[in-house]
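Okay, so here's the structure we're looking at.
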Amino acid sequence: MAEKGVTPRSEDYSRWYTDVVQKTELADYSPVKGCMVIRPYGYTLWENVQAALDRRFKETGHVNAYFPLFIPMSFLQKEAEHVKGFAPELAVVTHGGGKELDEPLVVRPTSETIIGYMYSQWIRSYRDLPVLINQWANVVRWEMRTRLFLRTTEFLWQEGHTAHATEQEAVEETLRMLDVYADFAINEAAIPVMRGKKSEREKFAGAVDSYTIEAMMGNGWALQSATSHFLGQNFGRAFDIKFLNQSNELDYAWTTSWGLSTRMVGAIIMAHGDDQGLMLPPRLAPFQAVVVPIWRKDAEQAAVLEMGRRVADTLKAAGVRVKLDTRDELSAGFKFNDWEMRGVPLRIEIGPRDVEQNAVVFARRDVPGKEGKTFGVPVDGVAQATRDMLDTIQAGMLARATKFQVANTRTVRNYDEFKQVLEGPGGFIRVPWGGTGEDEDRIKEETKATIRCFPVEHQGEEGVCFYTGNKTDRVAIFARAY
RNA sequence: CGGGGCGUAGCGCAGCCAGGUAGCGCACUUGAAUGGGGUUCAAGUGGUCGGAGGUUCAAAUCCUCUCGCCCCGACCA
């Protein structure tokens, strides 16, 4: 069965991805090019992502609010780098109420500007700080090429926007939220991630520093899964967010922003999926367990279904998201494959033999075949057994993904080896880096690989740059990326 | 916007070169038998062949124009 491996031909992997997303009813293409319809199964997954993140945001003192979809064009122009970065991908509204507007409105590509403006109205004193607000919203970026979940014209996300009295506090907030994202990715999505700082070329338009968590997909490519930006006083100055500090001096606020989008759903699909289809981590899966009743004769059906209902009710009462598959026109084998494709972590089989023994069979999604089966799980205590098994699966998925990431993270001594790795197995390449932005551009042009990040845990190691031969203490992760 | 490809049933495709009553697989409907790993058999439903014009006795097929989509590149959470 499908041992996950680096798929050398990216177009095959693309086809696999698109097929899985559509067959499992996560999402579909809309009649408007580049826009995505998120179907109930996919949306439930997103809701679970939202809940897990919101819990963490509340724990770190943040509150939710909502800002408008439309932003005056002039707002974007207030921050030079920001407008330069976003201008090519703006959707612009020029008419309303049957008339041409005095000033065009852009559909938000991100909300730093409108929120910056509001913060300038709200903040007068250091006593008003910090402001720690998050919003759940949709944004629009007119991308040239789109892909379900990974890059769509409109996407859903959360964007946190904070304002602080001091640089240190804002930097701390930026890194705190990066850690929140990493914690979410690892402990909820079971995706190991590389935390690091973006290169100048790759950072957010208008930021002083951008941080990212980079995850490895099943084909070895990197996916920027969330970002956290230290914006310095750039937006504070642009939007006149001024306050009196404790020394009675006027100062500009230090701001941050951080976001995670529906792209995370794409990350979950690509980090865990195999030839059977989806493999969803128990903590986020819409259905954590599915009960499949099995029978031959009508006489058996009633008893099997009765026990199925009893087990499903017990699990529901214990807080397990469980589905009882009562479809009687389909064979058990069909259902097994159906739910495996949909990524349900745990299948609970109940047949006539199990009814006799008052026991059930567990089958793990993450361990294929007989090896992943546990026979004779007593119905008494099935809730605890299920919860334990879900924890085991969650841990197993993280371990598997971590093993994959470690196995596909390599170091190279020179550019030739670098190119060989990219043409061969792919994955992350960790190297000492002492090059310039132009060197980075050249490597991108020649190999399509980019600096994904300078990982936070590896800086300050003395080395020799693989590309320029310069001495350096910076370490970079290169990879091909979505 | 540059380079390549494709538009025929809900999906995937054949038919086109050599014009002659629109086909296959999957899905869907009905019935029967099946049912511990994607059941089987039988009978059905469903298509202005992307659109417009032309050639012809006759066009999915040949010609002209047009529209749309996909892939590769520039952009990007």
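Naming: A, B, ... by sequence-line order, numbering from 1 per chain.
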_Residue pair Arg347(A), Glu349(A): steps toward the salt bridge (charged side-chain N to carboxylate O under 4.0 Å, His left out) verdict_ = CA-CA 6 Å; Arg347(A) 179 177 69 242; Glu349(A) 304 173 8; 2.9 Å; yes
*Do nucleotides 1-14 of chain B as a string where each nucleotide becomes B, S or -: B if the base has a protein heavy atom under 4.0 Å, S if just the sugar-phosphate does, - if no protein is that close.*
--------------
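Base contact: Arg347(A) has a heavy atom under 4.0 Å from a base atom. Residue Val139(A) is classed as having no contact, given no heavy-atom separation below 4.0 Å to the nucleic acid. Among the atoms of the strands shown, none is found under 4.0 Å from any heavy atom of Thr153(A). Among the protein residues, Gln224(A) comes within range of the sugar-phosphate backbone only, with heavy atoms under 4.0 Å from sugar or phosphate atoms but none that close to a base. Gly259(A) comes within 4.0 angstrom of nothing in the nucleic acid, heavy atoms only. At a threshold of 4.0 angstrom between heavy atoms, the contacts of Asp19(A) with the nucleic acid are absent. Note on Lys23(A): nothing from the nucleic acid sits closer than 4.0 angstrom, heavy atoms only. Among the protein residues, Thr227(A) comes within range of no part of the nucleic acid, since none of its heavy atoms lies under 4.0 Å from any strand.
The 5' end of RNA chain B is approached more closely, in terms of each residue's nearest nucleotide, by Pro352(A) than by the other of Pro352(A) and Thr262(A). Checking Glu349(A) against Leu150(A), the closest nucleotide of RNA chain B that is more toward the 5' end is the one next to Glu349(A).
The side chain of Phe155(A) lies closest to A77(B), out of G36(B), C75(B), A77(B). Considering only the side chain of Arg480(A), G73(B) comes nearest among C75(B), G73(B), G38(B). Nearest to the side chain of Ala332(A), among A77(B), G36(B), U39(B), sits G36(B). Set against U39(B), C75(B), G37(B), the side chain of Phe334(A) has U39(B) as its closest nucleotide. Listed candidates were G37(B), G73(B), A77(B). Nearest to the side chain of Lys373(A) is G37(B).
The existence of a salt bridge linking Lys203(A) and Asp209(A) is excluded, since no basic side-chain nitrogen approaches an acidic carboxylate oxygen closer than 4.0 Å. In summary, Glu340(A) and Lys335(A) do not engage in a salt bridge, as defined by a charged side-chain N under 4.0 Å from a carboxylate O. Using a 4.0 Å cut-off between charged nitrogen and carboxylate oxygen, Arg141(A) and Glu154(A) do not count as a salt-bridge pair. A salt bridge does not link Glu300(A) to Arg353(A): none of the charged nitrogens lies less than 4.0 Å from a carboxylate oxygen. Salt bridge Arg55(A)/Glu188(A): present, at least one basic N to carboxylate O contact under 4.0 Å.
Within 6.0 Å of the OH atom in Tyr117(A), the count of heavy atoms belonging to other residues, nucleotides or ligands does not exceed 12.
Across every strand in view, U55(B) sits unpaired, with no contact that passes the Watson-Crick or G-U test at under 3.5 angstrom. Nucleotide C75(B) is matched to nothing when pairs are restricted to Watson-Crick or G-U wobble geometry with both distances under 3.5 angstrom. With both pairing distances under 3.5 Å, A60(B) is matched to nothing as a Watson-Crick or G-U wobble pair. The partner of G36(B) cannot be assigned: no Watson-Crick or G-U wobble pair with both contacts below 3.5 Å exists in any strand. Of all nucleotides present, only G68(B) satisfies the Watson-Crick or G-U wobble test against C6(B), with each distance under 3.5 Å. Remark: G47(B) base-pairs with no nucleotide in the shown strands. Criterion, Watson-Crick or G-U wobble with two distances under 3.5 Å. The base-pairing partner of G25(B), taking Watson-Crick or G-U wobble contacts with both distances under 3.5 Å, is C11(B). Checking A18(B) for Watson-Crick or G-U wobble geometry (two distances, each under 3.5 Å) identifies no partner in any strand.
With hydrogens and angles ignored, the 3.5 Å screen pairs no side-chain donor or acceptor of Asn219(A) with any backbone N or O of Tyr13(A). Distance alone, capped at 3.5 Å, is enough to place a donor-acceptor pair between the Asp354(A) side chain and the Gly351(A) backbone. Side-chain atoms of His62(A) never come within 3.5 Å of backbone atoms of Arg56(A) as a donor-acceptor pair (strictly under, hydrogens ignored).
At whole-Å resolution of the value, CD1 in Ile294(A) and C1' in U39(B) are 15 Å apart. Distance Met341(A) CE to G37(B) C1': 15 Å, rounded to the nearest Å. Computed from coordinates, the Arg327(A) CZ to U39(B) P distance equals 12 Å when rounded to whole Å. Summarising the geometry, the separation between NE2 on His229(A) and C1' on A77(B) is reported as 8 Å, rounded to the nearest angstrom. Regarding Ile269(A), its CD1 atom lies at a distance of 15 Å from the C1' atom of A77(B), rounded to whole Å. Distance, Phe375(A) CZ to G36(B) P: 14 Å, rounded to whole Å. Taking atom CG of Leu330(A) as the reference point, atom C1' of C28(B) lies 13 Å away to the nearest angstrom. In this structure, Glu202(A) places its CD atom 10 Å from P of C75(B), rounding to the nearest Å.
Both thresholds, 5.5 Å between centres and 30° between ring planes, are not jointly met by Trp295(A) relative to the base of G35(B), so the two rings are not stacked.
Taking side-chain N and O atoms only, Lys33(A) has no distance below 4.0 Å to OP1 or OP2 of G68(B). Distances shorter than 4.0 Å separate none of the side-chain N or O atoms of Lys335(A) from OP1 or OP2 on G36(B).
For G38(B), its base never sits under 3.5 Å from the side chain of Asp338(A) at any donor and acceptor pair.
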